[in-house]
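Note sheet for the following structure.
Only this structure's heavy atoms are used, side chains among them; waters, hydrogens and symmetry mates stay out. Naming: A, B, ... by sequence-line order, numbering from 1 per chain. Predicted model, so just to flag it, every value in this text is computed and none were measured.
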2 protein chains.
Amino acid sequence: MARQQDPAGPRAAMIRSAIRLIRQRGVAAVSFADVLADSGAPRGSIYHHFPGGKSQLVEEATRSAAEQLSAGVARTLDAPDAPGALRALAGLWRRGLEAGDYAVGCPIVAAALGTERAARDIAGATFGTWCDLISDKLVADGADPGRARSTAVLVVSALEGALVFAQAQRSSAPLDVVVDELSALCRSVIDVAPRG
Amino acid sequence: MARQQDPAGPRAAMIRSAIRLIRQRGVAAVSFADVLADSGAPRGSIYHHFPGGKSQLVEEATRSAAEQLSAGVARTLDAPDAPGALRALAGLWRRGLEAGDYAVGCPIVAAALGTERAARDIAGATFGTWCDLISDKLVADGADPGRARSTAVLVVSALEGALVFAQAQRSSAPLDVVVDELSALCRSVIDVAPRG
DNA sequence: GTCTATACGAAGATAGAC
DNA sequence: GTCTATCTTCGTATAGAC
């Protein structure tokens with residue numbers, strides 16, 4: 001698909017392709033051959049770049065995806081209010097869904113459900129990071145820290161669950177509904193204890 | 001593991017094993033050999049019972065799991081109040097998580113993220129069924145039908161997402177937090193429009 | 001760093017005997 | 001209904017030349 005020269009070299013291209021394919025098919029269903037074909041990387045360089053084999057590739061792909069997504073979450077949370085930030089966050093998911101014909105999911109979920117332990121641990125840490133970011137935002141907007149924490153866990157869980165829901169039904173409707181509900185919830189959490 | 005004579009015969013045993021293995025590893029990572037070893041079914045009878053091959057086995061396993069789970073959801077919702085029903089529902093997930101050392105997830109999620117189209121469609125319909133059941137319960141408890149519907153979508157999404165979250169972190173804490181949040185939300189949805 | 005070639009096993013699927 | 005045997009394809013991984 002891509003097969004063009006990647007400025008960052010074949011290694012980065014392979015990781016990028018691995019992320020894309022893992023999102024589409026899950027960790028177990030992605031082979032080296034798939035990654036090579038998709039990235040256009042040279043056949044003989046797999047074990048040069050990834051001596052640890054598939055485990056290493058999956059781990060690095062998950063780590064890379066987690067860093068990108070966490071940076072995106074942090075950036076999106078730079079909005080005036082938490083409900084708006086949430087909408088923007090869900091908009092990212094939504095566009096990804098529609099662009100990938102509802103077959104492209106979250107790479108962190110794929111890692112969490114995969115069989116590679118290192119990748120699963122990264123997934124667990126990444127969910128935690130997202131909760132921290134969202135919780136901090138809610139607190140900054142005036143929410144009680146305890147309420148903010150549990151609300152953040154709900155937000156992350158519900159968004160990820162809605163993504164799976166939307167994939168199964170090939171429709172972004174569940175995601176939209178969940179975002180509306182979560183926005184209202186965030187507002188109520190903030191309103192209870194407004195800043196000051 | 002099981003390998004004992006199944007009263008319902010090898011076919012049912014194979015489906016049961018397929019469900020268990022799919023929950024642990026995902027659709028793509030389960031092979032016929034795995035199912036045979038786990039179920040103790042005779043080697044030569046695979047294509048006799050499942051002429052459609054792996055697709056058929058996965059589809060039937062997903063359908064069977066969906067029926068069992070939907071029946072379980074309906075049964076659990078036979079509780080006096082919606083928040084209590086929700087707690088009971090999450091308790092089912094929770095016990096499954098802990099019994100399977102946080103490696104056994106939801107078969108419907110696995111189907112939704114798998115590569116078998118028929119199974120994914122069943123997953124979509126199953127999520128819809130659960131939403132119907134929960135929505136009906138909320139309405140029966142006095143909630144506004146519109147609010148009940150969107151709340152049900154949130155509940156299903158959040159529970160499934162929390163399950164993935166909990167698997168990634170190997171802890172049921174995220175699930176517990178989400179259940180508390182959802183219970184409070186259900187109460188508020190019911191309280192707004194009490195029966196009468 | 002990249003190539004070809006290949007070892008080795010496991011996967012899905014089929015054929016034909018019993 | 002169940003067996004063994006086999007075909008074919010695909011997967012990971014390695015060896016050794018360039």
In whole angstrom, what separates [X]'s [atom1] from [N]'s [atom2]?
X	N	atom1	atom2	result
A/Leu36	C/dT4	CG	P	12 Å
A/Ile46	C/dT2	CD1	C1'	11 Å
B/Phe50	D/dT2	CZ	P	12 Å

Once base and sugar-phosphate atoms are separated, protein heavy atoms under 4.0 Å mark nucleotides 12-18 of chain C, 5' to 3', with B, S and - as SBB----
Under 4.0 Å from OP1 or OP2 of D/dG1: is there any side-chain N or O of B/His48 that close?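 Checking D/dG1 against B/His48, a side-chain N or O does come within under 4.0 Å of OP1 or OP2.
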Do any side-chain nitrogens or oxygens of B/His49 fall under 4.0 Å of OP1 or OP2 in D/dT2?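 Checking D/dT2 against B/His49, a side-chain N or O does come within under 4.0 Å of OP1 or OP2.
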Using side-chain heavy atoms (C-beta onward) and a distance below 4.5 Å, is A/Leu36 in contact with A/Met14?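 The answer is yes, as the side chains (C-beta and beyond) meet within the 4.5 Å cut-off.
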Can you find a heavy atom in the side chain of B/Phe127 that is under 4.5 Å from one in the side chain of B/Val153?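 Heavy-atom side-chain distance check fails, nothing below 4.5 Å.
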Step by step, would you call A/Phe32 with A/Arg43 a side chain to side chain contact (heavy atoms under 4.5 Å, CB included)? CA-CA 9 Å; A/Phe32 270 153; A/Arg43 172 99 178 80; over 6 Å; no
Do you see a donor-acceptor pair shorter than 3.5 Å between the side chains of B/Glu60 and B/Ser64?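 Absent: no donor and acceptor within the cut-off.
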Qualifying side-chain hydrogen bond (donor to acceptor under 3.5 Å, both in side chains) pairs, either residue in residues 102-124 of chain A, two or more places apart: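 Matches after skipping sequence neighbours: A/Ser55-A/Glu116.
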Looking at B/Lys137 and B/Asp78, does any basic side-chain N land under 4.0 Å from a carboxylate oxygen?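 B/Asp78 and B/Lys137: not salt-bridged.
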